[in-house]
Engineer: 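Below: one structure in structure tokens.
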Amino acid sequence: MNYLDGLNAMQLKAVTHKEGPLLVIAGPGSGKTRVLTMRIAHLIDSGVAPWEILTLTFTNKAAKEMKERISKVVGNAANQIWAGTFHSIFAKILRVEAPKLGFPSNFSIYDPSDVKSALSEIIKSQGMDIKTYTPNDIYHKISMAKNLIINPEKYASDGERLLKDKQDGMPYIYKIYDLYVKKLQRSGAMDFDDLLFQMHRLFKENPDQVLEKYRKKFKYILVDEFQDTNSLQSEIIKFLTKFPESPQNICVVGDDAQSIYAFRGATIQNILNFERDYPGLTIYKLEQNYRSTHHIVQAANDVIAKNNRQIRKVIFTEKGVGEPIQVLKASSDNEESRMVVSKIMELKLRNHLSNQDIAILYRVNAQSRVFEESLKNMRIAYRIFGGTSFYERKEIKDVVSYLRVVANPDDEEALKRIVNYPTRGIGDTSIAKLSEIAEKNALSLWNIMMKMNHFDLGISARTQKSIQDFINMIHVFQRWAQEFDAYEVARRVVKSTEIIEDLNKEKTPEAQGRVENVQELLDGIKTFTEEDNAEFIVTEIQDKSLSSYLQNIALVTDADKDQNDQDTVKLMSVHAAKGLEFKAVFVTGMEENLFPSQMAIRSVDSRSAIDEERRLFYVAITRAEHHLYLSYASSRYRFGKMQYNSSSRFLEEISENCFDQIPISTKSVVTGAKLGPKPAVGLHKPATLPQGVEIKASPVQMILPGVFVLHERFGKGKVLQLDGKIDNKVATIIFEAGVGEKKIMLKFAKLQVVD
DNA sequence: GCGTATTCCATTTTT
DNA sequence: TGGAATACGC
């Protein structure tokens, strides 16, 4: 079968478009990945060498998937395509070119926790107040600066920026930025933003030797999820594609309506200005949705129509009207989770869905906990994506830090982590003294440790001996690294540092889990060294060294995990769900201050922040193929405190005809409660009430002991007792039909008095 | 210098 | 609520 078969007219045009810039606006479910992969296959089929194609995606997984799909058409050639995330591709190039920028080729990559730790050290050493200058804020500001291509010198001379910092009560950020950059340089380390920033610098400072080479190399460039790129990324692409005689074979695919990373510096201006940047641009819009049924598509269109500033398009589907969207109203986060899970049971039993067809989405990862509990109770297999990932676990970071120090001993964050773990008598004060000298002499901590007898440090002879032993040990490890592959080095390092033994000292099940994690890490390294894996190609050579491995794991995230490995219900943030689809989707926590987030509502530029939340909601809705549920809880625990929120404004933006019932009865009145039945009680047992019978809530005053009431879920029952004060009355009600006794808060419940 | 108790602090999303 | 910085006793 020909790979072009089955494409619609627009898709076909985009796939077969020849030379020159191309922008494909691809609505959700419009076959975007298909277009991208078939376009690449088509290029190779028409004679373009695979290594001349550069494809930049948002996740490693997307790149991997793409390669797999392309190889189905063109075979092994697909493995020679340069495909990966901006960060991973640039890291590969920088591994070759870093010396030109004054970095070692085995530079370390700092993750956000390394960055924050480095920043707080700087802040403290400058005598600044860590509570005023919080590492989080500083990191964000520095990150934004880098993404706008502002280096420390430029920052320090940017009056507007300085004024802004002053107003925020942090006038010395420019100073911290400068020291931070110097610290990274000394440590031979780059943070995530640097992988882009230094790449840009590389091209800018080496137009002849370097930029020219890559311009020649990458004849075709494709960018996925273009709406989530920042100015820095866009400038790098311009470096590669905008020059005299350039064929400008740049194809970007995106959807401004799905831009959800503005908080990280992404700007839809990149899409909106693309035509200006590339005159002669061809634009195709993919508006047919092949994923979802009509109600879902309409809801998505309704929601996004509220946003300003966008490329207008209307998504349509031919998949039929489909199921109405259901709203689940809960009185608490716990109840919300029980309702969601009982709906999952229903989907499985009534609609014969499998676990893997179902996703629970939320705005923040912290929401996952309650769902986890309810799923466990009902013995439904699930898997959580995001949150603290494997590589963020302490024991894993410790082992990885050893490896980082072996590959690059100047890596100060890794060094500080392990210099006294397991404890070997090198304490904080000694390290602080050494750090100070290092800072003064603009040398790395490791460097000063090696030269410590040249200084009068006031470190005891005993400690100096410990330090010397540590240095010797690292030297041994480094010799191993020259001799053995990554796995063998790691295995030996773990063994001789006695990390496992240290973990085993603690005889708790958690400690046991940590030991298993370390073992899993070693297994992962083994796989890395054994597998013939095209992803780890650096300039067309397989690289299985320790630093290659380290670079790889630094850029791997949860999103890269295989989603379909097991038959599990998937739990993840809406951000993490981008690009995925499920037969049934639950969008949870549909409340003001959560979705949209409080941050967005209170932001200085609230309107555009809410717009981004709305795009996020749009992404969430459009993950669903057939069944969409929107749930909210009128109260939930946050910070260990109860918080009360009204339902999300977004719910009211969807046309009523999409729902099976009107989502919000009265604005001020809080929801009707369904204190979910205990899991053991058959959920799928039909409710005592015939379906469709609406309950008319009776005034609270009428609910008195002895009266009979109807509850929308539990059916008929008798009020036994009333407790609590005026507006917090709790009724104890015995229900018929095996439901039993329940305590129900009157302010939430919808109860109708009957005879 | 080490280990544990205590307090304190924050929570948006992630390459 | 729970993880991380800090304080304190050894």
Side-chain angles (χ1 to χ4, degrees), chain A residues 56-63 84-91 109-113 115-117 120 124 130-131 134-137 139-140 143 146-147 190-196 225 228-230 232-233 259-266 333 361-370 385-389 391-394 420-432 459-460 462-463 466 505-506 554-560 572-578 589 593-603 609 612-613 615-617 619-620 636-643:
Chain A
L56 299 165
T57 58
F58 200 74
T59 60
N60 296 299
K61 194 180 111 234
T85 60
F86 278 88
H87 292 82
S88 69
I89 294 281
F90 293 171
I109 297 174
Y110 274 8
D111 71 20
S113 71
V115 173
K116 280 176 221 161
S117 141
S120 58
K124 284 179 199 156
I130 195 88
K131 280 173 193 151
T134 62
N136 262 323
D137 285 355
Y139 184 18
H140 184 246
S143 172
K146 284 186 180 172
N147 286 324
M190 298 196 195
D191 63 22
F192 286 163
D193 301 310
D194 276 329
L195 295 174
L196 312 176
E225 310 278 14
D228 289 324
T229 55
N230 60 37
L232 185 46
Q233 289 164 319
S259 156
I260 55 175
Y261 284 100
F263 72 94
R264 213 165 80 186
D333 46 359
L361 308 184
Y362 32 78
R363 180 66 183 79
V364 299
N365 283 312
Q367 285 170 260
S368 67
R369 262 190 58 190
V370 277
F385 289 80
T388 42
S389 85
Y391 295 102
E392 285 167 48
R393 289 163 194 269
K394 184 191 171 299
N420 198 32
Y421 176 78
T423 45
R424 52 172 72 89
I426 308 171
D428 292 342
T429 34
S430 305
I431 291 303
I459 295 177
S460 72
R462 215 178 92 165
T463 307
S466 303
K505 267 194 281 182
E506 204 184 324
L555 300 171
V556 164
T557 63
D558 251 25
D560 300 321
M572 63 186 92
S573 70
V574 181
H575 282 88
K578 192 177 70 162
N593 295 318
L594 185 58
F595 203 173
S597 75
Q598 185 172 318
M599 216 78 154
I601 295 170
R602 293 200 191 158
S603 139
E612 173 143 320
E613 297 282 313
R615 291 193 295 270
L616 192 57
F617 184 46
V619 168
R636 72 170 61 239
Y637 268 106
R638 274 180 113 184
F639 298 94
K641 264 208 195 128
M642 191 66 98
Q643 211 178 64

Engineer: Quiz question: by atom type and distance under 3.5 Å, do the side chains of A/D137 and A/T134 form a donor-acceptor pair?
Structural biologist: yes

Engineer: From the set B/dT13, B/dT15, B/dG3, return the single nucleotide nearest to any side-chain atom of A/T423.
Structural biologist: B/dG3

Engineer: Evaluate side chain to side chain contact (heavy atoms under 4.5 Å, CB included) for A/S259 paired with A/D228, printing each intermediate quantity in order.
Structural biologist: CA-CA 6 Å; A/S259 156; A/D228 289 324; 4.1 Å; yes

Engineer: Within the 4.0 Å heavy-atom criterion, would you say A/D193 contacts the bases, only the backbone, or no part of the nucleic acid?
Structural biologist: nothing

Engineer: Take atom NZ of A/K116 and atom C1' of B/dC9, then tell me their distance rounded to the nearest Å.
Structural biologist: 14 Å

Engineer: Nearest-Å distance, NE2 (A/H140) to C1' (B/dA10)?
Structural biologist: 17 Å

Engineer: Would you mind telling me which residue lines up with the more 5' stretch of DNA chain B, A/S573 or A/I459, judged by nearest nucleotide?
Structural biologist: A/I459

Engineer: Which part of the nucleic acid, if any, lies within contact of A/N420, taking any heavy atom under 4.0 Å across all strands shown: a base, the sugar-phosphate backbone alone, or nothing?
Structural biologist: sugar-phosphate

Engineer: For a 4.0 angstrom threshold against heavy atoms of chain A, report the outermost contacting nucleotides of DNA chain C in 5' to 3' order.
Structural biologist: C/dT1 to C/dT6

Engineer: What is the distance, rounded to the nearest whole Å, between atom CG of A/D228 and atom P of B/dT14?
Structural biologist: 12 Å

Engineer: Apply the test side chain to side chain contact (heavy atoms under 4.5 Å, CB included) to residues A/E225 and A/T57: give CA-CA distance (whole Å), side-chain angles for both, the deciding distance (0.1 Å), then the verdict.
Structural biologist: CA-CA 7 Å; A/E225 310 278 14; A/T57 58; over 6 Å; no

Engineer: Give me the ring orientation class for A/F595 and A/F617: parallel if the planes are under 30° apart, tilted from 30 to 60°, perpendicular past 60°.
Structural biologist: perpendicular

Engineer: Across the strands shown, which category fits A/S88 at heavy-atom distances under 4.0 angstrom: base, sugar-phosphate, nothing?
Structural biologist: nothing

Engineer: Of the listed nucleotides (B/dT15, B/dT13, B/dT14), which one gets closest to any side-chain atom of A/H87?
Structural biologist: B/dT15

Engineer: Please compare A/T463 and A/E612 by the position of their nearest nucleotide in DNA chain B and report the one closer to 5'.
Structural biologist: A/T463

Engineer: For A/Y261, is the NZ or CZ atom of A/K578 found under 6.0 angstrom from the centre of its six-membered ring and inside 45 degrees of the ring axis?
Structural biologist: no

Engineer: For A/R369, answer base if it contacts any base atom (sugar-phosphate contacts may also be present), sugar-phosphate if it contacts only those atoms, and nothing otherwise; contact means non-hydrogen atoms under 4.0 Å.
Structural biologist: sugar-phosphate

Engineer: Assign A/Y261 to base, sugar-phosphate, or nothing according to its heavy-atom contacts below 4.0 angstrom with the strands shown.
Structural biologist: sugar-phosphate

Engineer: If only side-chain N and O atoms of A/N60 are considered, is one of them under 4.0 Å from the OP1 or OP2 phosphate oxygen of B/dT15?
Structural biologist: no

Engineer: Within this structure, what is the CE-to-P distance between A/M572 and B/dT13, rounded to whole angstrom?
Structural biologist: 15 Å

Engineer: Calculate the interatomic distance between A/Y139 atom OH and B/dT14 atom C1'; express it in whole Å.
Structural biologist: 10 Å

Engineer: Using a cut-off of 4.0 Å on non-hydrogen atoms, how would the nucleic acid contact of A/Y637 be classed: base, sugar-phosphate, or nothing?
Structural biologist: nothing

Engineer: Report the distance from atom CG of A/L195 to atom P of B/dT14, rounded to the nearest whole Å.
Structural biologist: 19 Å

Engineer: Whole angstroms only, please: what is the CD-P distance between A/E225 and B/dT14?
Structural biologist: 14 Å

Engineer: What's the CD1-C1' distance between A/I130 and B/dC8, to the nearest Å?
Structural biologist: 14 Å

Engineer: Using a 4.5 Å cut-off on heavy atoms from C-beta on, say whether the side chain of A/S597 contacts that of A/E613.
Structural biologist: yes

Engineer: Mind checking A/K131 for me? I need base, sugar-phosphate or nothing, with any heavy atom below 4.0 Å counting as a touch.
Structural biologist: sugar-phosphate

Engineer: With a cut-off of 6.0 Å (strictly less than), are more than 12 heavy atoms of other residues, nucleotides or ligands near OH of A/Y637?
Structural biologist: no

Engineer: Determine the sole option in A/N230, A/D194, A/D193 for which the side-chain hydrogen bond (donor to acceptor under 3.5 Å, both in side chains) test with A/K146 is passed.
Structural biologist: A/D194

Engineer: So, does A/N365 get its side chain near the phosphate of B/dT14, meaning an N or O under 4.0 Å from OP1 or OP2?
Structural biologist: yes

